[in-house]
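Lettering of chains follows the sequences in order, A, B, ..., and the numbering in each one begins at 1. On a predicted model such as this, the values are computed, not experimentally measured, just so you know.
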Amino acid sequence: MSRNVNINVNYLTRVEGHGNIVVKIKDGKLDECKLEIVESPRFFEAFLRGRSIFEAPHITCRICGICSCGHTLASIQAAEDALGIKPTEQTTLLRKLLLHYEELDSHILHIYLLVAPDLLGVPSFVPLVKSHLNVVKRALKMKRLCNELCDILVGRHVHPISAVIGGFSKLPSTQDLEQMHGKLVELEKDMEDTVELFASLRFPEFERDTEYVGLINDEKEYPLLYGDIGSTDGYRVSKYDYKVVVNEFVVPHASAKRTKWHRESYAVGALARFNLNYEKLHPKAKEAATALNIKPKCINPYLNTVAQIVESVHCIEDAKSIIENIWQKGINYDEIVIPDINQKGAFPLRAGEGVGAVEVPRGLLIHHYECDERGIITGANCVIPTNQNTHNIELDMVDLIPKIMDKSEEEITLALEMLVRAYDPCISCSVHMIDLRID
Amino acid sequence: MSKPKVAFFDFACCEGCQLQVANLGEMVLDLIDIVDIVEFREVMSEKWDGEFDVSFIEGSITDEHAVERVKKIREKSKILVALGSCATIGGVNGMKNSFNLEEAGRYVYGEAYKFFPTIHTKAVHQVVRVDYFINGCPIYQPEFLTVLKCILKGLPYYVPEYPVCVECKLNENVCMYDRGLTCMGPVTKAGCNSWCINNGNICYGCRGLTINPNSQGFKDVLKKFGIPEDFLMKKIEMYNKCKELDES
Amino acid sequence: MAKVVIKDSPYNLKRARILEVKTQTEKEKLFKLVFEDKTWLDFEPGQFIMVSLMGIGEIPVSVCSSPLNRHYFEICVRAVGKVTNSLHKLKAGDVIGVRGPYGNGFPIKLIEGHDLLIIAGGLGIAPLRSLILYAIDNRRDFGEIHILFGCKTPGELLFSDEIDEWSKRLDIHFACTVDRADPDWKGNVGLITSLIPGVDIDPIRTYAAVVGPPVMYKFVIKELLTKGLPVDQILLSFERHMKCGMGKCGRCQIQNLYCCKDGPVFTFKEIMDMAEAL
Amino acid sequence: MKIEQYRLIEKSRIKEFLNKLISIYNVVAPVEKGFNNFAFEQIRTADEVRLNYIPTILPPKKYFLPKKETILEFELGDELKVEPVTEYENLVLFGVHTCDIAGIKCLNMVLSDRPKDTAYLIRKKHITIIGIECNNYCDDYASCSFVGAHIPTTGYDLMFTELSEHFIVHVHSSKGMEIVEKTEMFKGADQNTIEELKILRNNKLKVFNNEIPTERRYIPDLFDRSFNATVWQELESKCLSCGNCTAVCPTCYCFDIKEDVELSLKRGERYRVWFSCQLDPFAKVAGGIDFRRERSARQRHRFYRKFRYHIDRYGMIFCTGCGRCSRTCMAGINLKEVLTSLIRESEAKIWRKWL
Ligand SMILES: Cc1cc2nc3c(=O)[nH]c(=O)nc-3n(C[C@H](O)[C@H](O)[C@H](O)COP(=O)(O)OP(=O)(O)OC[C@H]3O[C@@H](n4cnc5c(N)ncnc54)[C@H](O)[C@@H]3O)c2cc1C
Ligand code: SF4
Ligand code: SF4
Ligand code: SF4
């Protein structure tokens, strides 16, 4: 079969940020296949230099609006590491809670508004308002609840206000805890319906084995906020050695930096976490996994969405128990932290270097700062999940295209778009953007 | 009467302001009841070739390609709205303007920096005419809705000309200056209901400077509290660096 | 929290229906209004009403018709912003909200028996028209009537048909000027102050009523004083930001005077020492 | 002092009293906000209440003239459908200082002046005021004795004064009596305690000295001479026009009127919100002319609103001496200092005339 197909998806939709898919099939053979990232670079790492390290979370969370809570937490971790600040137990609990909210919010957005339209054969949620009003209503309601959770805890979901270096600039009152718990219980019911809905939908079947990378640790809980970096190939290194993992290299066809560890490429994200830490999921999440027919090690990238659903169940349950835990302990309001800038010298300054490694919705996120003895940033580096996935996505496409070559151009395009979307790429995040277009 | 055709476009930004719109929850349904959202790349695949009644522009203009693109959108739009700090005042992207562009590029991309041609960050009104401004990083949803209603009714929207302190006092917060901290509230345009201070943080000035700030007075205040002036300049730069382009 | 309806709220509105809209110039339109409940707007020349467009806003506007007209009342509105532009989009038959009248108006009882010198700049003719119409309706109660009217260009001349009529009347001295003429303009050119030296008045017997843009007052007053008019016979009507119209919201204060309650008409004597007045 | 009007309650039982009050009424009282800031808030237990507090961030005017208040509800459409409304709540304000009571009296003056502000009057009817007398200054910012607001006179339903063992309570209205009866915790006053109160009031005359070097009766004259004083020019460079001073002032009542419609564009409301003469858009008219453009003119206006204009109109000084404006001003504009400078400047002028 000799066929020429040119696919050029300019501005991939329903993903965060600007990316293109370019595929050329010549005489039935794959000639070119790349995922181009065309987001305008914003130079965060460059302009962080010279700013107080206490401003880093405020600035870097503006890398991406969808995972701004994740960036905040990674940034705080890196900065506290550099300054030698140890968070209190209460702070750690509340941060875990925030991270859960973040995963939930982002996953729900992705599952319902970005992926569900593909599975239901429409271009966006708008047509679903007619055909599946109750699904849309549920999605929007869940989204609202997630937002409200963040509003109560940190002021807002996009660019959280009260999560700062050293802890929180505002602590929830007992009524706040009650309210959050109530909202989580509400979400729980909707989540059950969500599992049911997605158990009935068909995802594309495609498998390709790869190395899945994410945080692992020796504790009982599903690691999200801290740990070492591990992989399904059995490796484990400290977060300080992240450069060994992300190992940037250049691919000839696009002369762009990519990442690999032990194989050609690796993947991060919900599926990676699921594969790495399945055992530590909440029992209810495991039940959901069974209902959704997914088990580790799952190597169908399309099922990243399903792993997100499983994780969402986990987050709801775990968030509930965190709140119950805080409830029992009572909140110590003396721990309220003066925001920003260390103006009151609340924390001693020192020259230092710190790394933050956090599992954000799309996978492993690393922030790395150096500062001088006045706490002024002298060097910064951020490694974004999407950067780590780009090469893996491309290799998936290379593997997938020959298998679906006989389909129509539209079908191929849709399959590829869905593949990219399954990874839930977050392209504005790519401050460290590495994909280039060279003529 | 057919519903107005509304589109959302993003430039260099975090897409958080679009997300604030998508985050309206069930209100999104009320929204699509009164407007026809024809493009919203973050959550929709639909595309529209015709004219836009209202275009929301998110993000700053940071390269030549973007300049061309926003000009095209302007031509096709009856009303153009700058959405969020990146679009209205340049926002955090403006901090880049303090650096030599080549050096900044080299720092992030190494020798590959040449493949990322960049220009000084500009707010949207510094490139094309803007009809409505919705400030904030991210936008404050109630204000977004207010402006949207003004647009739909063909009314002007006046961004408050007074500082954040006004709203802050009405929310009965303990003033950050009482806590010994520096707050940008006194020189920042209101409209966010003093969001950050309500949540225990200081105001960072994300909505841009008030029209008529008393800079000398503000400097005196800082002196009184023992805060160095360059510290303040850095603070202003965080969101308001692009203002220099307005003045020059 | 309990919510109650308070019919006696001073913010309550009366429904007024637009009978007719007449375009005056590019920027001004004249609205003929009547209350739906058939009541009559009882006002003095120089008083104003608060006009409401729901969901848009409420603004103060002078009533410009004769207070003796029991069939309808009129307002003349210049489109400058939110409410005024929206008002311009309305047609006959539409309903708007009105409360008022507010303010003191021109002191008719004092003026009667005297000569009247009316000096209007631009839209300032609106409240003065009400006074003029009143004086014409009660012509024999007044002495000499002089009307001086000035505006920027001939295109901005308001009530042009009425002006024609006034200028033809023998019992009124009428003069008109524009700042900038166009080829068709045959009349005076120059600022309104240039007309004042020419009017033949007996200062002691004359009340002057002056309304116009803020810049106009100082110069006009100077001329009037040169003519020898006593300070308490110069009447001025001011525009200030107003929200309530009832002396509460504080927006219209000129030192200790509320423009809405103590004004908008003041004698020059009342405000001549007030830094914030002119 | 009619002994029948007085009641006693042991100091140790005040918490018990408050809890009882809470069980019957919606009670608002001063609570601590940290960093020496306090606020009136609805309370759930007596433990939240601070009896010893410096004036709250916002004065109790927020309950009489809410920060944001719907005045009209309307439906959009061809026909004009409007309904003037107001919201009110039965509230007991506990622990109001005499300065704040003076503030409410000022609001009364203005808002019951014709045309009456119906909404205000309705709300006022539903609020009961329990005052607490200050036996000492809150802090250096206060100037209550200068304006005569340091001794309780009228404007409350009950007034608590702390004596050695008791609070002596002046019952000033039947609303106050109702509380005394319903809580069942008060006993009648005796001659001793009445004596103690008299001594305390006499002592207060010594404790509360005159904070400003002139007398109240000279104020109108002072201001008549000070319109062009140099103090105002100094404020030009100091004031940030943030409006904090007016927001916290118990006698500032200026407002803006705005509207909001629902997203459906079918219904809406017209509301009023606090506004301030210190802010840019306040005195601007549509042509863009601003009648008080300079910050100095705005500050001057604020002072004249407090100390001159309303004396002519309402026969009252519209300053209660609470000190809030000075406490809150980050630029450090201090009411007592401004008044003192005015006095010095005008004295200097008078001297020059004499010499
Ligand atoms: C006693 C009295 C009598 C009057 N009589 C008449 C009359 O007979 N006829 C008549 O036409 N007018 C009259 N006026 C003037 C009229 O009230 C104003 O023109 C009207 O209030 C303008 O309202 P608007 O909503 O149309 O304009 P707005 O939209 O409120 O404002 C108009 C302009 O002001 C600026 N502006 C206003 N608010 C803001 C803000 N918050 N931020 C930034 N800019 C702002 C804008 O540039 C805008 O273009 C009278 C006024 C008074 C006080
Ligand atoms: S905290 Fe900031 S915004 Fe609030 S009053 Fe103080 S300076 Fe103004
Ligand atoms: S308080 Fe300041 S930083 Fe926060 S949203 Fe408002 S303007 Fe922006
Ligand atoms: S609080 Fe101070 S700075 Fe702010 S407006 Fe008042 S006087 Fe000016």
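- Proximity to chain C (any heavy atom under 4.5 Å) is restricted, for D:Lys116, to the backbone atoms N, CA, C and O.
- Top candidate by heavy-atom pairs under 4.5 Å with chain D, chosen from C:Cys249, C:Ser9, C:Gly247, C:Gly250, is C:Cys249.
- For D:Asp113 and C:Lys248, the salt-bridge test fails: no basic side-chain N is under 4.0 Å from an acidic carboxylate O.
- Identified by a heavy-atom distance below 4.5 Å to chain D, the contributing residues of residues 36-59 of chain C are C:Glu36, C:Ser52, C:Leu53, C:Met54, C:Gly55, C:Ile56, C:Gly57, C:Glu58, in residue-number order.
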Review point. Would D:Tyr88 and C:Val4 count as a side chain to side chain contact (heavy atoms under 4.5 Å, CB included) if you check the C-alpha gap in whole Å, the side-chain angles of each, and the deciding distance to 0.1 Å?
Key: CA-CA 8 Å; D:Tyr88 68 89; C:Val4 283; 3.8 Å; yes
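- Between C:Lys82 and D:Glu259 there is no salt bridge, since none of the side-chain N atoms of the basic residue sits less than 4.0 Å from a carboxylate O of the acidic one.
- Of the atoms belonging to D:Asp256, heavy atoms from both backbone and side chain fall under 4.5 Å from chain C.
- In this structure, the portion of D:Val261 lying under 4.5 Å from any heavy atom of chain C is its side chain and not its backbone.
- Neither the backbone nor the side chain of D:Arg308 comes within less than 4.5 Å of any heavy atom of chain C.
- Under a 4.0 Å N-O distance rule, the pair C:Glu276/D:Arg293 does not qualify as a salt bridge.
- Sorted by first then second residue, the ring-ring contact (aromatic ring centres under 6.0 Å, His included) pairs that include residues 257-278 of chain C, not counting sequence neighbours, are C:Phe238-C:Phe266.
- D:Ile122 touches chain C through its side chain: at least one heavy atom from C-beta onward sits under 4.5 Å away, while N, CA, C and O do not.
- With a 4.5 Å cut-off on non-hydrogen atoms, D:Glu73 touches chain C through its side chain but not through its backbone.
- With a 4.5 angstrom heavy-atom cutoff, D:Arg272 touches chain C only via side-chain atoms.
- At a 4.5 Å heavy-atom cutoff, D:Tyr304 makes no contact with chain C through either its backbone or its side chain.
- Neither the backbone nor the side chain of D:His126 comes within contact range of chain C; no heavy atom of the residue lies under 4.5 Å from a heavy atom of that chain.
- Both tests hold for C:Arg240 against D:Phe291: distance to the six-membered ring centre under 6.0 Å, angle to the ring axis within 45°.
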